[in-house]
Participant: 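This structure is in structure tokens; I'll ask about it shortly.
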Amino acid sequence: MMESEVRSRMQEQHGLISRSQARSEGLTDDQIRRRLRTGEWVCAARGVYRHAVSPETPLSRLLAGCLACDGVASHRSAAALHDIDGYQLDRIEVLVPWKRSPTIRGVRLHRTTQMHLTEPVVRKGVPCTWIGRTALDVAAVVSRQQLEFTIDAVLRQGLIRLPDLYQVLVSHSRQGRTGCGPFRDALEERWGDDAVPLSAWSRMVADLLVEDGLDRPVMEHRICDQTGALVAQVDLAYPSRRVAIELDSKRWHLNSVSFERDPRRRNALTVMGWTVLTFTWSDYVNRPGQLCATVAKLLAPADRHAI
């Protein structure tokens with residue numbers, strides 16, 4: 001039974017198995033050494049073994065690198081696994097937690113403090129970063145032209161939506177991240193807020209607030225006066241706290257009608273006891289931490305404000 005489980009594991013992993021995996025399947029260190037000594041297994045990387053009958057391939061080399069350091073394929077390797085146009089599996093790039101510092105021959109290691117944001121997926125039998133994180137990662141290692149080609153490709157191939165790319169940018173830039181600058185510039189220069197529908201932007205801001213630990217706000221909340229007449233429909237709201245969030249964009253608010261209407265709406269809401277927070281696209285993309293902090297401070301219990 002043990003032997004079949006080992007064979008099954010190796011078949012699923014391009015002929016590979018790590019020492020820890022082999023031991024978890026019941027093999028002893030002596031049994032592992034015997035397989036290496038007889039040539040049944042060969043060393044593929046430190047602590048990783050390949051069955052002799054399984055040929056070495058680009059995929060097996062990449063997976064061996066991942067198994068050797070308990071990491072995931074990333075950057076250009078992940079781009080190749082996702083079949084993004086313009087990328088081939090001609091290098092081994094692996095993402096590991098920041099404090100881990102192995103040295104593996106032939107493997108380029110990228111260390112990150114944001115391993116929790118990688119959302120690993122398995123592509124072609126190899127664990128790798130999800131498509132959004134992959135697009136951001138390559139921004140740190142390729143030219144501006146290649147980055148633009150990459151963004152065009154993932155959108156053209158339907159691998160991710162434009163609003164999702166912005167969400168990737170915001171969730172990573174809040175904690176500081178190499179590659180966010182070029183990634184932001186490439187998105188803003190070519191699309192900016194004109195390409196993202198207001199409804200999608202509202203969901204993106206709502207998701208951002210939830211990720212920061214706040215309750216999910218109500219979208220498109222209708223506020224009526226005592227007679228039941230509609231006073232305003234706000235983009236996001238925390239009705240129990242009478243906090244409204246309005247998202248201002250050049251696309252929807254820089255016109256004569258909005259110029260006259262928006263202040264009147266806000267004044268009416270203020271008279272009714274509502275606090276109206278207004279954020280711009282730049283606040284969302286460039287200052288997401290400040291945006292969340294502003295909302296959190298307003299939603300904090302009254303006794304916390306008094307401290």
Side-chain angles (χ1 to χ4, degrees), residues 12-16 18 44-46 48 56-173 175-184 186-187:
E12 294 171 355
Q13 298 185 154
H14 301 285
L16 300 172
S18 68
R46 185 174 58 195
V48 180
E56 184 181 47
T57 66
L59 285 173
S60 71
R61 287 193 292 270
L62 178 57
L63 180 56
C66 294
L67 292 173
C69 60
D70 194 24
V72 297
S74 65
H75 296 71
R76 286 160 291 196
S77 292
L81 290 176
H82 285 290
D83 293 321
I84 299 176
D85 289 345
Y87 292 90
Q88 297 179 342
L89 195 52
D90 54 3
R91 67 189 73 214
I92 300 175
E93 295 186 87
V94 177
L95 192 68
V96 297
W98 180 261
K99 293 184 178 180
R100 193 170 299 163
S101 56
T103 299
I104 304 175
R105 184 177 179 181
V107 178
R108 179 174 178 179
L109 292 178
H110 298 275
R111 296 174 177 84
T112 179
T113 59
Q114 299 176 328
M115 202 69 182
H116 61 291
L117 296 176
T118 57
E119 301 181 34
V121 297
V122 176
R123 293 281 298 175
K124 303 177 183 178
V126 180
C128 66
T129 52
W130 76 288
I131 187 65
R133 175 62 182 261
T134 299
L136 176 60
D137 281 341
V138 299
V141 295
V142 301
S143 67
R144 176 59 182 272
Q145 183 180 46
Q146 181 66 35
L147 174 58
E148 291 180 350
F149 288 158
T150 301
I151 294 175
D152 280 343
V154 296
L155 294 173
R156 181 180 64 252
Q157 293 173 240
L159 300 177
I160 193 171
R161 300 175 307 129
L162 182 60
D164 295 326
L165 287 179
Y166 276 109
Q167 285 185 305
V168 170
L169 169 64
V170 170
S171 63
H172 288 75
S173 64
Q175 303 179 41
R177 172 70 162 73
T178 302
C180 282
F183 196 69
R184 178 188 296 109
L187 290 176

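Heavy atoms only: backbone and side chains are in, while hydrogens, waters and symmetry mates are out.
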Participant: Looking at every heavy atom in both L147 and A135, which two are closest together, and how far apart are they?
Facilitator: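 The answer is CD1-O, 4.2 Å.
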Participant: Donor-acceptor check, side chain of Q157 to backbone of D85, threshold 3.5 angstrom: yes or no?
Facilitator: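 Checking the backbone N and O of D85 against the side chain of Q157, a donor-acceptor pair under 3.5 Å is found.
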Participant: Return yes if some donor-acceptor pair links the side-chain N/O of S60 with the main-chain N/O of E56 below 3.5 Å, else return no.
Facilitator: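 Not a single qualifying donor-acceptor pair exists.
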Participant: Between H110 and V141, is a side chain to side chain contact (heavy atoms under 4.5 Å, CB included) present by the stated rule, with each step listed?
Facilitator: CA-CA 11 Å; H110 298 275; V141 295; 4.0 Å; yes
Participant: At their closest point, which heavy atom of L63 faces which heavy atom of G125, and how far apart are they?
Facilitator: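 Distance-wise, the nearest heavy atoms are CD2-O, 3.9 Å.
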Participant: I'd like to know whether T112 forms a side chain to side chain contact (heavy atoms under 4.5 Å, CB included) with W98, so could you lay out the CA-CA distance, the side-chain angles of the two residues, the decisive distance to 0.1 Å, and finally the verdict.
Facilitator: CA-CA 5 Å; T112 179; W98 180 261; 5.9 Å; no
Participant: Test salt bridge (charged side-chain N to carboxylate O under 4.0 Å, His left out) on D90 and R76 and set out the steps.
Facilitator: CA-CA 9 Å; D90 54 3; R76 286 160 291 196; over 6 Å; no
Participant: Is it the case that the side chain of Q114 and the backbone of L117 share a donor-acceptor pair, with hydrogens and angles ignored and the cut-off at 3.5 Å?
Facilitator: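 Not confirmed, Q114 side chain does not pair with L117 backbone.
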Participant: Nearest 0.5 Å please: distance from the OG atom of S143 over to the CZ atom of F149.
Facilitator: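 Rounded to the nearest 0.5 Å, the OG-CZ separation comes to 8.0 Å.
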Participant: What I'd like to find out is whether the side chain of Q13 reaches to under 4.5 Å of the side chain of L67, using heavy atoms alone.
Facilitator: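 Yes; the side chains approach each other to less than 4.5 Å.
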Participant: With rounding to the nearest 0.5 Å, note down the distance linking SG in C128 to CD in E119.
Facilitator: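 Between C128 SG and E119 CD, I get 12.0 Å after rounding to 0.5 Å.
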Participant: Do you know which two heavy atoms are closest between I151 and A186, and how far apart they sit?
Facilitator: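 Taking I151 first and A186 second, the nearest heavy atoms are CD1-CB, 3.7 Å.
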Participant: Any chance CZ of R156 has more than 12 other-residue heavy atoms, nucleotides or ligands included, within less than 6.0 Å?
Facilitator: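 More than 12 heavy atoms, drawn from other residues, nucleotides or ligands, come within 6.0 Å of this atom.
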Participant: Considering only heavy atoms from C-beta outward, does the side chain of R108 approach that of V94 to under 4.5 Å?
Facilitator: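 Not touching, per the 4.5 Å side-chain cut-off.
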Participant: Could you pull out the closest heavy-atom pair between L169 and F183, with the gap in Å?
Facilitator: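 Between these two residues, the closest heavy atoms are CB-CD2, 3.9 Å.
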Participant: Give, for atom CG of L109 and atom SG of C69, the distance between the pair rounded to the nearest 0.5 Å.
Facilitator: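 Taking CG in L109 and SG in C69, the distance rounds to 5.0 Å.
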Participant: Can a donor-acceptor pair be found, under 3.5 Å and without considering hydrogens, that links the side chain of R123 to the backbone of L81?
Facilitator: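 Answer holds: yes.
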Participant: Could you measure the distance from the CD1 atom of I92 to the OG atom of S74? Nearest 0.5 Å is fine.
Facilitator: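 That separation rounds to 11.5 Å.
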Participant: Between CG of L187 and CG of L165, what distance do you get to the nearest 0.5 Å?
Facilitator: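 Taking CG in L187 and CG in L165, the distance rounds to 6.0 Å.
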Participant: Might you point out which heavy atoms bring S77 and R91 nearest each other, and give the distance in Å?
Facilitator: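 Taking every non-hydrogen atom into account, OG-O, 2.8 Å.
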Participant: Which is it for M115 and V96 under the side chain to side chain contact (heavy atoms under 4.5 Å, CB included) test, yes or no, and what are the steps along the way?
Facilitator: CA-CA 7 Å; M115 202 69 182; V96 297; 5.6 Å; no
Participant: Is there a side-chain contact between K124 and D83, using heavy atoms and a 4.5 Å cut-off?
Facilitator: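 K124 vs D83: side chains touch.
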Participant: Measure the CD1-CG distance between I131 and L159 for me, rounded to the nearest 0.5 Å.
Facilitator: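 Interatomic distance, I131 CD1 to L159 CG, rounded to 0.5 Å: 5.0 Å.
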Participant: Please answer whether the main-chain N or O of V138 pairs with a side-chain N or O of T150 as donor and acceptor at a distance below 3.5 Å.
Facilitator: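 Not at all, since once roles are kept as given, no pair shorter than 3.5 Å links the two residues.
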Participant: Please identify each residue that fulfils side chain to side chain contact (heavy atoms under 4.5 Å, CB included) with R161, with sequence neighbours left out.
Facilitator: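 For R161 the side chain to side chain contact (heavy atoms under 4.5 Å, CB included) partners, ignoring immediate neighbours, are P163, D164.
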Participant: Mind checking whether H75 and L95 have side chains closer than 4.5 Å, heavy atoms only?
Facilitator: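 Yes, close enough: below the 4.5 Å cut-off.
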Participant: Does any non-hydrogen side-chain atom of R111 lie less than 4.5 Å from one of P97?
Facilitator: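 Counting from C-beta outward, P97 and R111 never come under 4.5 Å.
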Participant: Under 3.5 Å, is there a donor-acceptor pair between the side chain of H82 and the main chain of T129?
Facilitator: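 A pair under 3.5 Å: yes.
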Participant: Search all heavy atoms of V168 against all heavy atoms of G132 and return the closest pair with its distance.
Facilitator: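 Taking V168 first and G132 second, the nearest heavy atoms are CG1-O, 3.5 Å.
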